[in-house]
There are 2 protein chains.
Amino acid sequence: MKINQKNKIMPDPILTTEKIILEAAKKVFLEKGFEGSRMQLIADEADINKALLHYYFRSKDNLFEAIFEEAFMQFLPNISQVLNSELPLVDKVNAFVEQYINMLQNNPHLPIFIMRELQREPQRIIELIKKLGLKPELIEAFFKKEKEKNQIVTIPTTHLLVNIISLCVFPFMARPIIEGIVFNNDKEAFNNFLQERKKLVADFIINAITVK
Amino acid sequence: MKINQKNKIMPDPILTTEKIILEAAKKVFLEKGFEGSRMQLIADEADINKALLHYYFRSKDNLFEAIFEEAFMQFLPNISQVLNSELPLVDKVNAFVEQYINMLQNNPHLPIFIMRELQREPQRIIELIKKLGLKPELIEAFFKKEKEKNQIVTIPTTHLLVNIISLCVFPFMARPIIEGIVFNNDKEAFNNFLQERKKLVADFIINAITVK
DNA sequence: GTCTATATTGTGATAGAC
DNA sequence: GTCTATCACAATATAGAC
């Protein structure tokens with residue numbers, strides 16, 4: 001996404017057409033996925049016409065790619081931030097869960113979007129991730145320090161990490177079921193549910209991994 | 001797919017055209033979703049031509065609906081089965097997790113498929129679910145007995161249930177990431193990972209909810 | 001019931017005026 | 001840069017022969 005007109009003086013964070021398009025595309029793609037999105041709808045959302053989309057981004061594919069990379073980076077939890085802190089285990093988990101669920105509350109469509117596109121073109125996206133420099137080694141280091149201190153039960157770090165992410169992310173994917181069926185379409189009730197979860201999930205994890 | 005009529009003698013599981021179509025449609029829809037699927041591809045998969053699809057099912061929509069309802073029922077965990085057993089809590093959780101992950105291993109595309117379509121038409125599908133008679137009350141009863149026995153910590157049943165499902169389902173949605181990045185595209189390693197999970201997830205849950 | 005051929009509509013993309 | 005008009009093709013759906 002460097003297509004940006006070079007060094008023109010940009011007096012204000014003025015909404016250039018390109019940025020407007022990207023915002024509109026993000027909204028539409030996030031909600032409907034690549035295949036469910038229509039260039040016309042993005043144009044409407046940006047209040048311009050289709051031709052302009054192709055003028056700025058040659059194709060739907062290009063426009064999508066400009067969106068996806070940023071979205072994926074946002075979805076990846078900021079592991080190193082937790083890793084590098086010197087907080088006690090309990091605080092680390094609490095901080096991570098709260099921060100991650102907060103992010104998802106601000107981007108509720110992100111999880112399904114990412115999973116959907118991963119399913120559509122797994123290999124292409126794996127290449128992208130590798131290009132971005134995501135290293136499995138980082139994951140291995142996640143709870144290393146804690147383990148050495150014998151503060152947690154012996155669960156493989158990969159499983160532990162997957163468990164934590166699962167507990168945070170899944171409710172957003174299953175939202176239509178939870179909100180629609182369990183809470184009878186009461187959005188307020190679902191938001192309360194998410195709010196409660198921040199503490200409950202952290203406690204759940206701490207309980208699960210603490211040696212008794 | 002009433003599957004195996006128990007012990008009826010099945011002279012030949014005669015493959016009527018309609019059933020062949022349904023099988024082909026299931027395969028394609030499950031993998032690519034409604035919007036990503038093409039009638040032509042389903043026809044190819046069934047080794048017939050497009051026109052026949054429309055002869056049996058008037059439209060793509062109809063064909064899809066014939067698939068979705070069954071898939072959704074399969075996705076819903078069989079809660080009452082666990083509920084009605086008289087096993088100790090530990091065994092209940094173990095049995096549930098193993099059985100549910102087993103089912104997902106046999107239908108790895110199910111989770112993303114369901115979530116994707118829920119996102120596409122939430123209201124329509126909520127209506128379907130209600131028609132099918134899913135009752136929130138069932139959920140409330142889930143761990144009621146255990147709670148009365150004070151065997152578990154006080155976590156709201158809804159959260160507990162969501163946690164359990166999350167831990168089972170999410171890895172299948174994130175499969176491309178886990179298999180592709182963590183396990184370097186080694187399918188065998190990912191399957192081992194799933195195998196381990198059956199016990200690890202059950203332990204994780206038990207640990208989390210057991211009073212110390 | 002099953003096929004081929006065709007109609008119809010939707011959608012990404014381009015040409016060309018301004 | 002932005003627009004209108006249009007192309008080209010893909011995809012659902014139907015007509016009609018057999």
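The shortest distance between the side-chain N/O atoms of A:Asn49 and the OP1/OP2 oxygens of D:dC3 is below 4.0 Å. The phosphate of C:dT2 (OP1 or OP2) has a side-chain N or O of B:Thr17 nearer than 4.0 angstrom.
What separates CD1 of A:Ile21 from P of C:dG12 is a distance of 15 Å, to the nearest Å. The separation between A:Leu53 atom CG and C:dT11 atom P is 15 Å, rounded to whole Å. Distance CZ (A:Phe34) to P (C:dT11): 13 Å, rounded to an integer number of Å. Rounded to whole Å, the distance from CZ on B:Arg38 to P on D:dC9 is 17 Å. A straight line from CZ of B:Phe57 to C1' of C:dG1 spans 14 Å, rounded to a whole angstrom. Taking atom CD of residue B:Gln40 and atom P of nucleotide D:dA11, one finds them 9 Å apart after rounding to whole Å. Across the protein-nucleic acid pair, A:Glu35 atom CD and D:dT12 atom P stand 12 Å apart, rounded to whole Å. The interatomic distance linking A:Asp44 (CG) with C:dG12 (P) rounds to 12 Å, in whole Å.
Applying the salt bridge (charged side-chain N to carboxylate O under 4.0 Å, His left out) definition to pairs two or more places apart or across chains, those involving residues 104-123 of chain B are B:Glu117-B:Arg120, B:Glu121-B:Arg124. Pairs engaging residues 99-114 of chain A under the salt bridge (charged side-chain N to carboxylate O under 4.0 Å, His left out) rule: none recorded [sequence neighbours left out]. Judged as a side chain to side chain donor-acceptor pair (under 3.5 Å), not a single pair has a partner in residues 48-58 of chain B (not counting sequence neighbours). Legend: ring pair (Phe, Tyr, Trp, His ring centres under 6.0 Å) pairs involving residues 164-184 of chain A, not counting sequence neighbours, sorted by first then second residue: A:Phe183-A:Phe193.
We find that B:Glu45 and B:Lys27 are joined by a salt bridge, their nearest charged nitrogen and carboxylate oxygen being less than 4.0 Å apart.
For B:Arg197, the side-chain hydrogen bond (donor to acceptor under 3.5 Å, both in side chains) partners two or more places apart in sequence, or in a different chain, are A:His159, A:Asn163.
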Identify all pairs in which a protein N or O lies below 3.5 Å from an N or O of nucleotides 13-16 of chain D, and state each distance.
{"residue": "D:dA13", "atom": "OP2", "partner": "B:His54", "partner atom": "NE2", "Å": "3.2"}
{"residue": "D:dA13", "atom": "OP2", "partner": "B:Lys60", "partner atom": "N", "Å": "2.7"}

